[in-house]
Amino acid sequence: MKRRKFIQKASLSALAIAIGSEAVYAIPKGYTPLALQDPDPFKMFGLNEQMVVLNNKPWNIEAQAHLLNDAVTPNDKMFIRNNGIIPLNIDPKTWTLEIDGESVVTKKKYTLQDLKTKFKQHTYQLTLECGGNGRSEFDPPAKGNQWTVGAVHCANWTGVRLKDILEDVGHKKDAVYIGYHSADVHLSGDLNKEPISRGVPMSKALQDETLIAFQMNGKDIPIAHGYPLRLIAGGWPASASGKWLQRISIRNKVHDGTKMTGKAYRVPCEPVAPGEKVKDEDMCIIESMPVKSLITYPKTGAVLKEGRSLKINGHAWAGELEVKAMEFSIDFGATWKKCKLQKPVNRLAWQHFSAEVQLPQKGYYEVWARATDSQGKSQPMLLPGWNPKGYLNNACHRIAIKVK
Amino acid sequence: MNQDNKDKFEKVDRLLKTSIFFLAIATLLLVFLIFDPTFSVFERQGENSFAEIDENKIENGIHVKTGLKDAPGLQVVINNCTNCHSAKLVIQNRMNEERWNATIRWMQKTQNLWELGENQKIIVDYLTVNYPVEEKGRRAPLSEVEWYELEQ
């Protein structure tokens with residue numbers, strides 16, 4: 001929805017949220033939101049005006065492919081996926097991170113200052129994609145926010161390694177999972193409910209790139225992305241990267257917090273036919289995200305003069321893996337040509353590709369992009385396996401081009 | 001040309017001019033209706049635009065405050081479905097009767113939604129009639145492409 005249309009149609013419930021919380025932490029400097037007058041998420045979160053608001057309670061906002069052309073995604077073009085209400089009254093001076101759980105050796109609490117001074121700091125570019133990115137294409141439709149292609153970003157995250165903290169507190173041999181707990185509030189206002197409390201297995205928690213981050217793109221993390229502290233687990237569904245982080249539990253079983261169980265962030269363990277009913281116990285937790293790519297230049301709809309070649313570029317990523325090849329097709333997948341593909345800046349960062357496309361005659365074309373991961377898996381051209389919640393759509397990205 | 005004919009000619013001429021004038025106005029209105037059906041160009045833009053939204057205002061069949069379609073059951077949907085989450089979440093989703101009922105049960109079980117009683121059928125009917133499931137197939141054609149000249 002375009003900005004003006006959004007303003008016209010936004011409901012008063014959005015106002016309530018703005019007055020209650022976000023307005024307090026409006027990030028752009030020099031901008032003072034006035035309650036009742038300005039629950040405009042574009043101003044409040046400092047967003048590019050072409051971002052698309054899917055939901056205003058809770059905030060769910062996505063980019064469009066062409067907005068994601070930067071090598072490192074800037075704040076104004078990063079999708080926002082919140083499950084609850086952004087927490088009130090965040091005081092960085094009193095904020096603490098607590099480590100507990102069945103499998104912790106010594107329970108500990110750290111202030112932000114402790115984290116910043118006791119542990120070595122690291123910076124990585126990490127790809128975070130919403131598990132439901134692309135959901136809008138599933139048929140029969142899947143319930144939830146109808147993301148198209150823009151729920152992915154790759155920003156620079158700075159913080160300390162989770163494994164250094166886990167080492168500091170010590171974890172018992174029976175530790176299998178870590179689960180996060182955050183300060184956001186359930187939509188119903190029920191303080192006994194957590195909007196979301198997910199996590200990752202110990203093997204992911206102990207990776208070098210798994211961070212407790214306090215900076216994004218060299219500045220304090222913006223409020224919508226988890227100020228003052230966020231767990232970052234790149235390459236996995238972005239919901240594993242808990243915002244407004246207050247507590248991490250080292251569990252002796254698979255973490256059973258909100259949206260870890262039932263059908264949330266799970267796909268059928270065995271493939272099912274479109275629309276088939278699947279029991280909760282037959283659903284398996286999503287771990288690494290699949291191989292995927294986006295053409296971020298040009299924007300779809302380009303009309304070219306005959307005889308000109310078309311330069312394209314974009315990004316490709318493959319969850320835990322690296323992208324080893326990138327191709328494009330202008331004939332609906334009949335033939336494929338190679339793109340130039342760069343190595344990732346670090347593990348779990350997206351990779352940049354580019355190509356020069358020759359369009360042989362006047363007419364309508366679609367440029368399709370297909371990435372292949374280091375295990376030889378490519379993106380499908382049609383939708384991948386249907387699943388009840390509409391996760392993991394990594395079908396190839398397409399842009400429309402005309403030559404006249 | 002005699003006087004009588006001249007009068008007649010002037011009459012026809014006047015009629016023609018008047019018709020063209022009204023036709024022009026009608027065309028202008030029509031063009032507006034097509035491109036800007038809410039005449040939003042004339043709306044006052046500014047800091048107060050939010051506070052001025054009337055709770056019950058309906059424009060072009062849409063309840064302005066929530067964006068929901070004005071149809072039987074609207075008020076029941078507003079009262080029961082927009083307290084916790086935005087109406088935008090409702091509008092985005094397309095489900096049949098069975099899946100809406102399952103979704104309501106899920107919200108009651110896990111999200112503190114109250115018992116809906118007789119309102120449940122009113123709500124589900126409203127949703128399935130006004131926001132029906134559309135078949136998309138295994139991959140939809142690219143649509144709504146905004147064409148632009150690209151200089152490279």
Side-chain angles (χ1 to χ4, degrees), chain A residues 1 4-5 7-15 17 34 36-40 53-60 136-146 186-190 193 258 262-263 274 298-305 308-311 366 381-383 395 398-402, chain B residues 38 40 43 45-51 53 55 59 62-68 78 82-96 98-100 102-103 106-107 109-114 131 133-152:
Chain A
M1 192 179 273
R4 194 168 56 82
K5 217 162 138 197
I7 294 172
Q8 283 174 355
K9 289 194 179 160
S11 69
L12 287 175
S13 60
L15 271 180
I17 297 174
L34 300 169
L36 275 168
Q37 291 183 355
D38 225 338
D40 177 349
V53 177
L54 300 180
N55 198 345
N56 49 333
K57 189 187 177 185
W59 290 110
N60 281 267
S136 61
E137 286 194 286
F138 280 102
D139 184 26
K143 199 177 79 174
N145 286 290
Q146 299 296 305
H186 194 268
L187 292 174
S188 64
D190 185 344
K193 282 185 181 293
T258 309
K263 291 189 172 58
K299 181 180 185 249
T300 188
V303 180
L304 296 169
K305 291 201 181 79
R308 301 270 173 86
S309 64
L310 172 69
K311 288 195 175 90
E366 287 178 13
M381 286 170 261
L382 299 179
L383 257 70
R398 307 169 295 172
I399 59 168
I401 302 288
K402 265 183 199 170
Chain B
T38 60
S40 60
E43 274 171 31
Q45 301 287 316
E47 70 255 56
N48 289 327
S49 56
F50 254 99
I53 292 175
E55 290 270 322
E59 252 176 28
I62 299 290
H63 178 244
V64 177
K65 193 184 132 184
T66 58
L68 289 163
I78 293 171
T82 63
N83 292 281
C84 286
H85 58 73
S86 159
K88 290 164 81 68
L89 188 61
V90 180
I91 295 165
Q92 284 183 66
N93 280 283
R94 296 284 187 277
M95 289 186 248
N96 61 20
E98 184 194 358
R99 292 190 60 216
W100 274 119
T103 303
W106 172 80
M107 285 189 279
K109 212 168 117 189
T110 67
Q111 307 295 306
N112 293 3
L113 174 63
W114 45 83
Y131 301 99
V133 176
E134 291 156 12
E135 290 204 358
K136 286 175 275 192
R138 197 82 201 190
R139 194 103 210 240
L142 295 177
S143 59
E144 294 174 42
V145 177
E146 289 172 26
W147 297 103
Y148 65 96
E149 304 276 338
L150 178 69
E151 298 291 334
Q152 268 196 331

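Letters A, B, ... are given to chains in the order of the sequence lines, protein chains preceding strands, and every chain is numbered from 1.
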Which heavy atom of [X] sits nearest a heavy atom of [Y], and at what distance?
| X | Y | value |
| --- | --- | --- |
| B:Arg138 | A:Pro274 | NH1-CG, 4.0 Å |
| B:Gly137 | A:Asp139 | N-OD2, 2.8 Å |
| A:Pro298 | B:Tyr148 | CB-OH, 3.6 Å |
| B:Lys136 | A:Ser136 | NZ-O, 2.7 Å |
| B:Leu142 | A:Ala400 | CD1-N, 3.8 Å |
| A:Gly301 | B:Val145 | CA-CG1, 3.3 Å |

Under 4.5 Å from any heavy atom of chain B - which part of [X]:
| X | value |
| --- | --- |
| A:Lys311 | both |
| A:Leu310 | both |
| A:Leu54 | both |

Any side-chain heavy atom of [X] sitting closer than 4.5 Å to one from [Y]?
| X | Y | result |
| --- | --- | --- |
| B:Lys88 | A:Asn56 | yes |
| B:Glu151 | A:Arg308 | yes |
| A:Lys299 | B:Glu146 | yes |

| Got a donor-acceptor contact below 3.5 angstrom from the A:Asn145 side chain to the B:Leu89 backbone? | no
| task | Check whether any side-chain N or O of A:Lys57 sits under 3.5 Å from a backbone N or O of B:Thr82 as a donor-acceptor pair, and report yes or no. | result | no
| query | Atom CD of B:Gln92 and atom NZ of A:Lys143: how far apart are they, to the nearest 0.5 Å? | reply | 13.0 Å
| task | Enter the distance from A:Thr258:OG1 to B:Gln111:CD here, rounded to the nearest 0.5 Å. | result | 8.5 Å
| Worked check of salt bridge (charged side-chain N to carboxylate O under 4.0 Å, His left out) between B:Arg139 and A:Glu137 | CA-CA 7 Å; B:Arg139 194 103 210 240; A:Glu137 286 194 286; 2.9 Å; yes
| request: Measure B:Glu98 against the heavy atoms of chain A and call it side chain, backbone, both or neither at under 4.5 Å. | output: side chain
| note | Residue set satisfying side-chain contact (heavy atoms from CB on, under 4.5 Å) with B:Thr110, at least two apart, ordered chain then number -> B:Trp106
| Based on non-hydrogen pairs under 4.5 Å, which of B:Val133, B:Ile91, B:Asn93, B:Leu113 is most in contact with chain A? | B:Asn93
| note | Answer key: most heavy-atom pairs under 4.5 Å with chain A among B:His63, B:Glu134, B:Glu135 is B:Glu135
